[in-house]
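Below is one structure, written out as structure tokens; comments come after it.
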Protein chains: 2
Amino acid sequence: MARATLESVARHAAVSRQTVSNALNAPHLVHPDTLTRVRAAISELNYRPHHAARTLRTRRSQLVGARIEPWRDGVNGAVLDRFLQSLTARAQARGQRILLFTAEDDEQECAHYEDLLSGLDLDAFVLHGTHADDRRTAWLAQRRVPFVTFGRPWGSTGTHGWVDVDGAEGTRAATRHLVAAGHRRIAFLGWPEGSEVGDDRRSGWADLALAAGLEVRPGYDAGVADGLGTGRAAAAAMLDLEVPPTAIVCASDSLALGAWTELTARGLRPGADVAVVGFDDSTTAAVVGLSSVAQPLDDAAAACLRMLHDVLETDRPRGGRADGTDGPPEGGRPGPPDPVLLSPQLVVRASG
Amino acid sequence: MARATLESVARHAAVSRQTVSNALNAPHLVHPDTLTRVRAAISELNYRPHHAARTLRTRRSQLVGARIEPWRDGVNGAVLDRFLQSLTARAQARGQRILLFTAEDDEQECAHYEDLLSGLDLDAFVLHGTHADDRRTAWLAQRRVPFVTFGRPWGSTGTHGWVDVDGAEGTRAATRHLVAAGHRRIAFLGWPEGSEVGDDRRSGWADLALAAGLEVRPGYDAGVADGLGTGRAAAAAMLDLEVPPTAIVCASDSLALGAWTELTARGLRPGADVAVVGFDDSTTAAVVGLSSVAQPLDDAAAACLRMLHDVLETDRPRGGRADGTDGPPEGGRPGPPDPVLLSPQLVVRASG
DNA sequence: TTGAAAGCGCTAACAA
DNA sequence: TTGTTAGCGCTTTCAA
């Protein structure tokens, strides 16, 4: 069966093409009786608007670009996947679609923006993994491309909308939980200072250690590259201290699982002998019974798309005629939307 | 800066629009000197073809649909993510893009096909998770929508192109490895009979057990729902047998990790005391040192896109005029492309 | 409230 | 080898 066009629907309902278009996009302009007739014709012919034609006319594709990561870290890569899954479901519910791309680094990612924007006219992007002096956000902002980031604009003033999860609150909650369980010697096993996410997570532990007057001895604050091996070695060093900690809060599940492995290898039971809490609530954590701080990824995805919606509404049709004769938007440029900072949730399992 | 159009490039290079179009899509038709001039203009104006306009004209969007799964099983969901990651990278290299969608079940997935095809004019789909009497493949085939599946058309005759990984070969390799290590009592911990993938994986173990004359006692072949708890319970039952197996080949990493957990809880060392081999090479397997059968997902993604390319070449422009006046393709319908069956690879770690 | 005309940016078909 | 014409399916603008 040939595909139904707007024209064929119009003929079928004995109205003009424009009336069909209005019935679809501005039903309040159409007389109720006409509307009924048109809708009947639409469903009878199983008509759907042609996406490319509509995009060509309106300069809106309903497509949102998102980067899918090469599989870096074994344990934590899953965070992004869960975010993407939620993003797809949420976008779909709004009539938008997620288009994937990959890039090796930020520079390559910018090159892809260029391609995707001018070639494929995406409406917007959802970025993740922001960091200080992020050239991607600068690139997009300069060209006035609508976007939001999952991750705050560390350091910089942040002239764009963003959604993030409060890492410090996560480690604070973990530490608080351990204190409540009677621990006084609680160590932190994180990444070297200088990484924004890592420093944020460390600060939650440090805050609470200070507030609760915990016994923080030298060697109770480790900073190593993320990974199982490094985590295990760092944990071993802590356990070998003259007065070892009775609990370890970690910046990632990788590090926590490293610590977990070291404990097990020494015949110590995670939780009963030494408590360990991870971060990201990876599937591995669930498997081995590791307590972990869970990020509300579905909420984050929903917040990103809500914010994107606002940005797109505000920043209406860039484009217009190709000669760029449309004037500047009335009333100057509005500021970026209010950022959203979500609270993570501690998932308590056997290890803590 | 206003976006460059084909028109503006044509003016800049002092040729017609059509010549610019040819320079882009059929350079062999253009005089070398003209080509040089046009290309200079293109790069000077930083011109990119407008995707929607091209799609409208050619009825090809270069967009391929793929489903992203709701996070079902904690451990094995990652297989799909790795496949999607490869698919995205491979598609990108071919000038195609992956568009995501989600669906709760096959029926809903078909409804999405309808939406995506008529509304968004996707070129094709890559399905996964095929099973006997799959209504999705029937739906697509009936409408002559180009697609390939990652997963063979279990049971049915299979009139479409597919790429799959030989699960039986994987468990055969695992069993062979254990035999070589001196094991004689090797059990299989899989899913209940009736699931195609599960039966396939079981058959590899059964084949080799027969060929090698292994000691297969009652209770050495378990079939339980996938999961850690079920795997652990089934493993416990095996270990409680009067003559327990010395090695367990599993249909999934979930089951294997369940077995692994049970061994550890009993103070047994996976590998040294009882060997365990999983399937899918999840990140968790790597973390805990579980031997596992790895699927060549990147190769599978590449094969899917190669095959899709052939299908799209063969099945040229559906569509034409909207009144459907183009005749049937010459020479009748060609058959489906040759299927591709890839070999998995056993990754040996401490557990086996 | 509805209809007619124009045109988004591109390429297929044909003419020169 | 290049140019001209037409039109993909839709929405915007303006007139009725």
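Every heavy atom of this structure was used, including side-chain atoms; hydrogens, water molecules and symmetry mates were not. Throughout, a chain's letter reflects where its sequence line sits, starting with A, and its residues are numbered from 1.
- Closest to the side chain of B:Q18, out of C:dC8, C:dA13, D:dC8, is C:dA13.
- Partner of B:V15 under the side-chain contact (heavy atoms from CB on, under 4.5 Å) criterion, chosen from B:V30, B:V38, B:N22: B:V38.
- Across the protein-nucleic acid pair, A:D121 atom CG and C:dC10 atom P stand 10 Å apart, rounded to whole Å.
- Closest approach to the A:T34 side chain among C:dT1, C:dT11, D:dG9 is made by C:dT1 (side chain taken as heavy atoms from C-beta onward).
- No engagement by B:T55 is indicated, since no non-hydrogen atom pair under 4.0 Å with the nucleic acid exists.
- Going from atom CG of A:L24 over to atom C1' of D:dT11 covers 11 Å, rounded to whole Å.
- Note: A:H112 and A:F101 have tilted aromatic rings, judged against thresholds of 30 and 60 degrees for the angle between ring planes.
- A residue-by-residue look at B:L29 and A:N22 shows that B:L29 has its nearest nucleotide of DNA chain D further toward the 5' end.
- Using a cut-off of 4.0 Å between Lys/Arg side-chain N and Asp/Glu carboxylate O, B:R59 and B:D123 are scored as not salt-bridged.
- Taking atom CD on A:E7 and atom P on D:dT11, their separation rounds to 13 Å, with Å as the unit.
- Contact check, A:R59 against D:dT11: no side-chain N or O comes under 4.0 Å of OP1 or OP2.
- Between D:dG3 and B:T19, a contact under 4.0 Å exists linking OP1 or OP2 to a side-chain N or O.
- If B:A53 and B:A14 are placed on DNA chain D by their nearest nucleotide, the residue sitting closer to the 5' end is B:A14.
- Between B:H128 and B:F83, the gap from one ring centroid to the other reaches at least 6.0 Å.
- Ionic pairing of B:R135 and B:D106 is not present here: no N-O contact between side-chain nitrogen and carboxylate oxygen is shorter than 4.0 angstrom.
- Here D:dG9 presents its P atom at 10 Å from OH of A:Y47, a figure rounded to the nearest Å.
- Of the listed nucleotides (D:dG7, D:dC10, D:dT1), D:dC10 has the atom at the smallest distance from the side chain of A:R54.
- Atom NE2 of A:H28 is separated from atom P of C:dT1 by 10 Å (rounded to the nearest Å).
- In the set D:dT4, D:dA6, C:dT2, D:dT4 carries the atom at the smallest distance from any side-chain atom of B:S16.
- Whole-Å rounding puts the A:R57 CZ to D:dT11 C1' distance at 5 Å.
- One interatomic measurement links the two molecules: NE2 of A:H51 to P of D:dC10, which rounds to 12 Å at whole-angstrom precision.
- In summary, the aromatic rings of A:F150 and A:W162 are positioned with their centroids too far apart to meet the 6.0 Å limit.
- Distances shorter than 4.0 Å separate none of the side-chain N or O atoms of A:T5 from OP1 or OP2 on D:dC8.
- For B:L6, the side-chain atoms get nearest to C:dT11 when compared with the rest of D:dT1, C:dT11, D:dG9.
- When distances are taken from the side chain of B:R17 to each of D:dC10, C:dA12, D:dT5, the shortest belongs to D:dT5.
- Across the protein-nucleic acid pair, A:H50 atom NE2 and D:dG7 atom P stand 18 Å apart, rounded to whole Å.
- Taking only side-chain nitrogens and oxygens, A:T58 never comes nearer than 4.0 Å to OP1 or OP2 of D:dC10.
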